[in-house]
**Student:** 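Just passing along the structure, written as structure tokens.
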Amino acid sequence: LDEEIRRIPSADAVHLDVMDNHFVPNLTIGLPVVESIRANHPGTFLDAHLMITDADRHAPAYAEIGCESVTFHLEASAAPIRTARAIRALGAKASVGLRPQTPIEPLADIITEFDMVLIMTVDPGFGGQSFLTSMLPKIRRTRDIVQRSGADIWIQVDGGVSESTIDQCLDAGADVFVAGSAVFRGEDPDAVVRGLRDRPGTPCRH
Ligand code: ZN
């Protein structure tokens, strides 16, 4: 993992998919590995994406070990406001993730509790899946809700983001783009990162 991270110096952040084989049918890394990535990459913005059950219990620990942003899933949280506040109190950005079938509307009144909303554009659990264009209206509705709130809340898309899908996400109102397979399957991952970021007409919000 350290070597892979060193191959993408142009990336704005490193997105870490934590999976527990319960919330999703796959098992990846957990707290100790994220902690050692933190230690080995002190200047890197670490964006932890927790696809785990019982998020309220486990999410704050990722802020405590120094991740800059911690995303937990709404579907795995009984107390999303309390958990977001705990993450923020530890100095990290609090982010809420939504599976494709979870609507954004129930979050409208509490959207300012979060610094970022992660819209999954595939079913979470595995890399290499195709981008769901059916998520574009949800990204637009999320942008509307964020705009109405007046707060600076990032909208992240995760799943199937590539050179051929990123512009649609951007047009719909997303401003943080997670790319896995598109970046790492090629010979030069950093060139892909630069190509994804330097799109013609890309607004620079952050
Ligand atoms: Zn992710």
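We count ligands from 1, going down the list as the structure has it; atoms in each ligand are counted the same way.
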**Student:** Would L46 end up clustered with L118 when hydrophobic side chains under 4.5 Å apart are linked, directly or stepwise?
**Tutor:**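 No, separate clusters.
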**Student:** When you check the gap from the basic side-chain N to the acidic O, do E3 and R6 get nearer than 4.0 Å?
**Tutor:**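 Judged by the 4.0 Å cut-off on N to carboxylate O distance, E3 and R6 do not form a salt bridge.
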**Student:** Please step through side chain to side chain contact (heavy atoms under 4.5 Å, CB included) for the pair F131 and V122, ending with a clear verdict.
**Tutor:** CA-CA 6 Å; F131 178 81; V122 299; 5.6 Å; no
**Student:** Could you please spell out the steps behind the side chain to side chain contact (heavy atoms under 4.5 Å, CB included) verdict for L16 and D47?
**Tutor:** CA-CA 6 Å; L16 301 167; D47 175 34; over 6 Å; no
**Student:** Please report, to 10°, the angle around the Zn ion (ligand 1) from atom NE2 (H15) across to atom OD1 (D17).
**Tutor:**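 Taking the Zn ion (ligand 1) as the apex, the two atoms subtend 90°.
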**Student:** Any idea which N/O/S atom from H49 gets closest to the Zn ion (ligand 1)?
**Tutor:**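 Of the nitrogen, oxygen and sulfur atoms in H49, the Zn ion (ligand 1) lies nearest to ND1.
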**Student:** Taking just the N, O or S atoms of D158, which one is nearest to the Zn ion (ligand 1)?
**Tutor:**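 Minimum-distance N/O/S atom of D158 relative to the Zn ion (ligand 1) is OD2.
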